[in-house]
Amino acid sequence: MNKINTIKITSKDLSFEADLLWDLAPKTCQAVIDILPLEINLIHVKWSGFGVWADLGEVKVDEIPYENNTIYFSAGQIMFYPGFESMKELLIPYDSVAFASKAGLHSANHFATIKNPQNLSELGRRTVEDGKQPVIFEIFGSKP
């Protein structure tokens, strides 16, 4: 079986490819692959800075430890938060993010990095001005 190295993220007419960081976050990469394809809505982060996120509330994932975790993320560094102190979520920064909630800063797993981040700020703008945006996370090369 070939290891999947890239995922595709599509929101309306915006499309991104992200390289998975298997060497740094293998359990997180596998957990994300296991839930794909994933159709969900993105909203703007409220506490963290410049990013969009998706609540994975009812999505079932195996327990994931901290791997390649940090509080501070840059544009295109996709993070997975396994829900240690609050809900499970995916977050995509379009600029600087300090991952936080009203309870304070949280550490999350950086498991993938977007290769073509040029239109990420447009995705952020849409969540601010137009509200939630539909998104599909899928294995690169598969069809929605």
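Along the sequence shown, residues are numbered consecutively beginning with 1. Since the structure is predicted, the reported quantities are computational estimates derived from the model, not experimental observations.
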I need the minimum non-hydrogen distance between [X] and [Y], along with the two atoms involved.
X	Y	value
Thr28	Pro65	OG1-O, 4.5 Å
Thr6	Asp19	OG1-OD1, 3.5 Å
Ala108	Phe73	O-CZ, 3.6 Å
Ser11	Leu123	OG-CD1, 3.7 Å
Lys60	Ile35	O-CG2, 3.6 Å
Phe16	Ile114	CB-CG2, 4.0 Å

Does [X] reach the main-chain N or O of [Y] with its side chain, forming a donor-acceptor pair under 3.5 Å?
X	Y	answer
Asn116	Ser15	yes
Glu122	Asn119	no
Gln133	Gly131	yes
Asn68	Phe111	no
Lys27	Glu67	no

Task: Heavy atoms of other groups near Lys132 NZ, more than 12 under 6.0 Å - done: no
Task: Over 12 foreign heavy atoms within 6.0 Å of CG, Asp130 - done: yes
Less than 4.5 Å apart, side chain to side chain, heavy atoms only: is that true for [X] and [Y]?
X	Y	value
Ile78	Ile9	yes
Trp22	Asn5	yes
Lys8	Thr10	yes
Ile33	Ile7	yes
Leu38	Leu90	yes
Asn109	Ile64	yes
Ile43	Thr127	no

Open item on the list: Does Tyr81 form a side-chain contact (heavy atoms from CB on, under 4.5 Å) with Met87? I'd like the steps, not just the answer.
Closed with: CA-CA 8 Å; Tyr81 182 70; Met87 65 190 85; over 6 Å; no
TODO: Quick one: list whatever passes side chain to side chain donor-acceptor pair (under 3.5 Å) with Asp13, sequence neighbours left out.
DONE: Arg126
TODO: Decide side-chain contact (heavy atoms from CB on, under 4.5 Å) for Phe137 and Ile92; before the verdict, give the C-alpha distance in whole Å, the side-chain angles of both, and the deciding distance to 0.1 Å.
DONE: CA-CA 12 Å; Phe137 291 84; Ile92 304 172; 4.0 Å; yes
Distance from [X] atom [atom1] to [Y] atom [atom2], nearest 0.5 Å?
X	Y	atom1	atom2	value
Trp53	Ile40	CH2	CD1	9.0 Å
Ser48	Glu89	OG	CD	7.5 Å
Leu14	Leu120	CG	CG	8.5 Å

- [ ] Could you walk me through whether His110 and Leu24 pass the side-chain contact (heavy atoms from CB on, under 4.5 Å) test, one step at a time?
- [x] CA-CA 8 Å; His110 173 201; Leu24 300 172; over 6 Å; no
Task: side-chain hydrogen bond (donor to acceptor under 3.5 Å, both in side chains) pairs, two or more places apart, involving residues 90-99 - done: His44-Tyr94
TODO: Using salt bridge (charged side-chain N to carboxylate O under 4.0 Å, His left out) as the criterion, list what pairs up with Asp34, not counting sequence neighbours.
DONE: none
